[in-house]
Structure formats: C-alpha cells, structure tokens
Visitor: 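To start, I am sharing the structure in question, which I have written as structure tokens.
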Amino acid sequence: MEYTYYPGCSLTKTSKPYDLSTRAVFKALGLGLHELEDWNCCGATVYMSVKETVSFSISARNLALAEKLKRDVVAPCSACYLVLNKTNRFLRELPELNAKVNDALSAAGLYYGGTVRVRHPLEVLVNDLGIDAIAKKARRSLEGLKIAEYYGCQIVRPQRGFDDMEFPQTMDQLFEALGAENVYYPLKVRCCGGMLMTTANDVAMKLCHDLIACAQGNGADCIVTTCPLCQMNLAAYQDQLSAKFGEDMHMPILWFTELLGLALGLDAKTVGLNAHLEQIPEKILSLAA
Amino acid sequence: MAHLETPGTLPARESELRRAFLSQVDIVPGGERLRKCIQCGTCTGSCPVSYAMDLSPREVIARFRAGDIETILRSRTIWICASCYACTVRCPVEIRITDLLYALKRVAMGKNIRPRQFPVYALSEAFVRSVKWFGRNYEMGLLAEFFLRSFKWINLLKMAPLGLKMLKTGRLGLFPDRIAGHADLKKIIARAEEIEQPREPVPVRTVTDEVGYKAIQS
Ligand code: SF4
Ligand code: SF4
Ligand code: SF4
Ligand code: SF4
C-alpha cells in the first residue's frame with residue numbers, strides 16, 4: 001500500500017523523532033510513504049486569521065497537489081490532520097467558499113476537486129494493515145511496560161472520526177496486542193492546552209500537570225501520544241511543572257510510532273529516542289537492547 | 001414564539017458587531033443553530049479551562065442572544081478557549097461552540113481588541129507572516145518574534161534552557177525552510193486576499209432571523 005506523506009512543519013524540526021519513527025515504522029511494515037513534494041504549511045491559521053479565504057487557500061494548495069497523485073494523505077500532526085480535514089469538509093459544505101478557494105488556486109494553475117482522503121497514521125496502520133498483522137511482525141514484546149495512552153483532543157474530534165470521541169481505544173488495543181499493560185487513563189482525550197502554553201501559560205501548565213499526575217498516579221511508566229504539540233507540551237516543561245507544583249513531574253512521553261518501532265525491532269536511534277528533551281529511563285531503552 | 005421575534009432595537013455599536021459576527025458565522029456550517037441553545041450548561045461542564053474564564057461558554061451564547069457581544073469581545077473567554085472541541089461534541093443540540101468562539105475571536109481581532117495579557121493576535125500575525133515568507137512555519141523565528149512583540153522578552157530568556165536542549169538534540173532549526181513553490185504560494189495568497197475584500201459591507205441575510213433577531217435592520 002502506498003501513501004502520500006504530509007509531515008507538516010513541526011515534524012521537520014521540533015518533532016523530528018516523530019517524523020523519523022513514522023517513516024521507519026511504515027517501512028518496517030512494508031508500507032510506502034512518499035513525501036508530498038513542495039508541500040506548504042497546512043494553514044493552521046485558518047481560525048486564527050481574520051482572512052479565512054487566505055487560510056483555506058493555503059491549506060487547499062496541499063490538497064490540490066496531493067489530488068494529482070491519487071493516494072490517501074497521511075498526516076501525523078493532529079493540527080494538520082484537523083485542518084486539512086476541516087478544509088475538505090468546509091469546501092464540500094460551502095460552495096461559495098469552494099469557488100473562492102479554487103479561484104485563488106487558479107492563480108498558480110491549480111484546481112482542487114475535493115477527492116483527497118486525509119488520514120492519521122494510527123488509523124492507517126490499524127485499519128489498512130490490522131492489529132493482528134502488526135503483532136505478527138513484532139520482534140520484541142512490550143511485556144512489563146505499563147502505559148497511559150493519550151490521544152489528545154484533535155484526532156477524535158470534532159467530527160466522529162475513526163474512534164470514539166470520549167474514550168478511544170485504537171492505540172490501547174494496538175499496544176495490548178504487543179504485550180504492554182494499559183493503565184486506567186480516563187484523561188485520554190482531555191486537552192493539554194495546545195498553543196495556550198505560549199499565550200496563557202498558567203492555564204496550560206495546570207492541564208499538563210493533571211495529565212501527567214493522572215498517569216503517574218495510576219502507575220504508568222510512560223505516556224504515549226499521537227501529536228507533536230501534545231508531546232512537546234508534556235515533555236518540554238517537566239522541570240518547570242515540578243517547581244510550580246512541588247511534585248516530581250518527570251515522565252517519559254513517547255510518540256506511539258517510537259514505541260511501535262521498538263516492538264518491531266528497530267533500534268532507539270532509528271526511532272529518534274536519543275533526541276528527547278526528557279529523560280528516557282533504562283526500562284524503555286533496554287527494550288531496544 | 002414571541003421571544004424569537006424582537007428584543008427591541010439594538011444600540012448602533014451592538015448591531016454593527018452583530019453584523020460583523022454574523023458574517024463570520026457565515027463560514028461556520030450550521031452556525032445558525034445558535035438559536036437552539038437550551039442553556040443546559042453541558043459545554044461549560046465539559047470545558048477543561050472554564051475555571052479560568054470570566055464568561056462560561058454557556059454564558060457566551062446567552063449574552064450573544066441577549067445582544068451583548070461587546071461584553072463577550074472584552075472577556076478573557078475567547079482568548080482562553082484552547083479549541084479542544086469537548087463542548088462541541090457534547091452539546092445536545094449540536095451547536096458548534098468552538099467554531100463560534102473562533103468567529104468571535106476573529107471579530108475581536110478585526111475590531112482591534114487586543115488584550116495584552118493574552119497575546120494570541122501576536123502569535124497569529126507572526127504565524128501568518130512566517131507562512132507568507134517561507135511557505136512553512138519557521139518555529140524559531142516565530143517564537144522569537146512572538147515573545148518580542150508581546151513584550152514578554154523576559155519569557156524569551158526563561159525559554160533559553162529549553163532552546164539549548166532543542167538545539168543540542170537537533171530539533172531547532174536556525175534557518176527557515178523556504179519551499180520551492182514559494183512564488184506560486186504567494187500568487188495564491190495574493191489572489192485570495194483580493195477575493196476577500198468584497199466581504200464588506202456585509203449584507204443582512206436571512207441568518208439574522210434564524211438566530212432570533214429581527215431588530216437588526218440593514
Ligand atoms: S499544523 Fe502546525 S505543523 Fe501542521 S503544518 Fe500547520 S503549522 Fe505546520
Ligand atoms: S496538542 Fe493539546 S490541544 Fe493540540 S491536539 Fe494535542 S491535546 Fe489537543
Ligand atoms: S451545551 Fe449546547 S445547548 Fe447546552 S448550554 Fe452549551 S451550547 Fe447551549
Ligand atoms: S473548545 Fe474551548 S470552550 Fe469548548 S471545551 Fe474546549 S476550551 Fe472549552
């Protein structure tokens with residue numbers, strides 16, 4: 001199976017390990033991932049900008065480029081996933097906007113007919129390949145590892161997508177099949193604050209505190225995420241969180257592709273585990289030994 | 001129902017705000033469902049940050065319907081919403097609260113309401129510029145510009161240790177990537193900006209009645 005890959009800005013730099021591990025896992029599972037040539041930012045500004053035609057047109061340029069290739073688009077960043085899907089839906093539901101956006105695209109000789117499917121890698125792996133097939137390819141067992149699966153808010157909302165909006169299970173089932181133990185983690189889809197970390201820091205710090213404290217309290221060895229920004233928010237401020245709340249808030253925060261990569265037999269560096277901001281304990285690194 | 005008819009005549013500024021808002025609602029499919037809110041408070045109860053808001057999401061809807069957009073635009077609420085969609089997916093009458101809050105945010109930015117303590121606009125503008133210049137979001141430049149423009153240079157210093165760690169792990173680009181199709185992207189943006197203009201002045205459309213106010217006359 002072949003897919004068009006839309007890494008998004010975060011994966012090219014700040015979330016490099018997520019990019020490395022996504023490519024490595026797809027390769028190890030025999031799936032083709034072809035980076036969309038000359039993609040531009042998805043236009044997550046859509047809702048921030050006062051000029052919506054501009055934002056939707058920026059987003060639609062990617063979809064127009066991808067449409068020519070006739071493959072599904074895989075977008076690992078939750079924000080890209082949401083924005084590209086939303087652009088698709090708005091262009092479908094609002095003919096007037098569609099006309100304007102295509103008018104703008106025509107300035108560069110492009111046209112978007114609205115046929116591209118934008119998918120999250122988690123959903124692609126689980127639905128196109130299947131958990132059983134993935135488990136069969138596993139070279140290492142995750143036995144003894146206790147994990148809290150954190151989906152964040154934007155891959156299961158606002159549209160009924162590939163999993164439940166309140167208590168998704170895709171990742172839980174995947175890692176259970178690979179031998180890990182899932183701890184009770186009711187905050188699976190609770191927001192980490194996203195960009196509030198920069199614009200309303202206090203509020204976001206509280207949200208991140210709750211997410212980590214809940215995982216710790218239920219005995220998790222790590223939190224596993226599906227989004228660059230979730231991982232960043234939870235991993236990058238652990239020192240500040242510990243100081244602010246007077247508790248030890250240190251905990252490894254992995255991308256699901258990293259842990260999956262380890263189970264598939266890839267080494268720690270290939271999946272990017274050496275480039276984390278937080279400490280990755282021996283218990284996880286030894287999986288790759 | 002009588003109460004849907006007319007709450008009286010709105011002050012000039014309020015009807016102007018309402019018109020601006022409704023033109024934004026325009027781009028939210030189903031935006032006119034606002035009228036159906038039953039004030040159950042599910043949105044507020046589901047919101048992870050309502051504790052930090054001055055107007056709860058439920059109250060925002062109530063105030064809007066009562067013709068008090070002015071207060072909403074000056075509230076913390078629109079800047080604190082993290083757009084997590086928890087309220088939207090639980091609302092029993094399927095009001096897209098998150099998208100409406102976005103629309104209100106856009107109206108506020110359009111009216112130059114820019115609270116210093118929530119510099120969302122600065123981030124947003126820096127972001128738009130980055131995409132225009134490079135085609136991609138240049139995070140390093142973006143954050144630096146953001147902190148400088150929001151007069152929180154002290155935060156920039158606080159971020160320094162994190163920045164160093166990211167540099168060491170190769171996760172911070174010192175130079176932006178510029179996409180090859182940059183010229184194309186510029187053309188698209190320029191054309192889109194042209195198209196955008198005729199939106200003003202906004203015609204009064206049927207959606208006004210849908211939301212419940214016949215009081216807004218052109
Ligand atoms: S959402 Fe973020 S990462 Fe994704 S393309 Fe847009 S700016 Fe880049
Ligand atoms: S970063 Fe936070 S706000 Fe964004 S999707 Fe992840 S959980 Fe939600
Ligand atoms: S959940 Fe929906 S119906 Fe209930 S108060 Fe909020 S907006 Fe109104
Ligand atoms: S989208 Fe905004 S208002 Fe709604 S629950 Fe999330 S933070 Fe609260």
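Chain letters run A, B, ... following the sequence lines, proteins first, then strands; residues in each count from 1. Please read these numbers as outputs of a predicted model, since none were measured by experiment.
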Visitor: Are the side chains of Q240(A) and M205(A) in contact, using a 4.5 Å heavy-atom criterion?
Guide: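 Heavy-atom side-chain distance check passes, below 4.5 Å.
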Visitor: Would you mind checking which part of L110(A) comes under 4.5 Å of any heavy atom in chain B, side chain (CB onward), backbone (N, CA, C, O), both or neither?
Guide: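 Contact with chain B: side chain only.
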Visitor: Contact part of L277(A) toward chain B, heavy-atom cut-off under 4.5 Å: side chain, backbone, both or neither?
Guide: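 Backbone plus side chain of L277(A), per the 4.5 Å heavy-atom cut-off to chain B.
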Visitor: So that I can tick it off, tell me whether D164(A) and K188(A) are bridged by a salt bridge, with the cut-off set at under 4.0 angstrom between side-chain N and carboxylate O.
Guide: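 So K188(A) does not pair with D164(A) through a salt bridge.
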Visitor: Using 30° and 60° as the class boundaries, would you call the ring planes of H120(A) and F162(A) parallel, tilted or perpendicular?
Guide: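 Judged by the thresholds at 30° and 60°, the geometry between H120(A) and F162(A) is parallel.
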Visitor: Is a donor on one side and an acceptor on the other found under 3.5 Å between the side chain of T88(B) and the backbone of T98(B)?
Guide: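 Here the side-chain-to-backbone pair exists.
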Visitor: Using the test side chain to side chain donor-acceptor pair (under 3.5 Å), find all partners of T225(A) that sit at least two apart in sequence or belong to another chain.
Guide: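 T225(A): no side chain to side chain donor-acceptor pair (under 3.5 Å) contacts found.
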Visitor: Evaluate the ring planes of Y18(A) and W255(A), with Trp represented by its six-membered ring, and classify them as parallel (under 30°), tilted (30 to 60°) or perpendicular (over 60°).
Guide: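 Rings of Y18(A) and W255(A): parallel, under 30°.
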Visitor: Is any side-chain N of the basic residue among K187(B) and D184(B) closer than 4.0 Å to the acidic one's carboxylate O?
Guide: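 Yes, this pair counts.
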Visitor: Of all the residues in residues 43-53 of chain B, which have a heavy atom that comes within less than 4.5 Å of a heavy atom in chain A?
Guide: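 Within residues 43-53 of chain B, near chain A: P48(B), V49(B), Y51(B), A52(B).
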Visitor: Please say whether more than 12 non-hydrogen atoms of neighbouring residues, nucleotides or ligands are located less than 6.0 Å from CD in Q279(A).
Guide: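 At most 12 heavy atoms, drawn from other residues, nucleotides or ligands, come within 6.0 Å of this atom.
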Visitor: Between M232(A) and chain B, which part of the residue has a heavy atom less than 4.5 Å away: side chain, backbone, both or neither?
Guide: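 Answer is side chain: those atoms of M232(A) sit under 4.5 Å from chain B.
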Visitor: Does any backbone or side-chain atom of D239(A) lie under 4.5 Å from a heavy atom of chain B? Answer side chain, backbone, both or neither.
Guide: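 It is the side chain, since no backbone atom gets that close.
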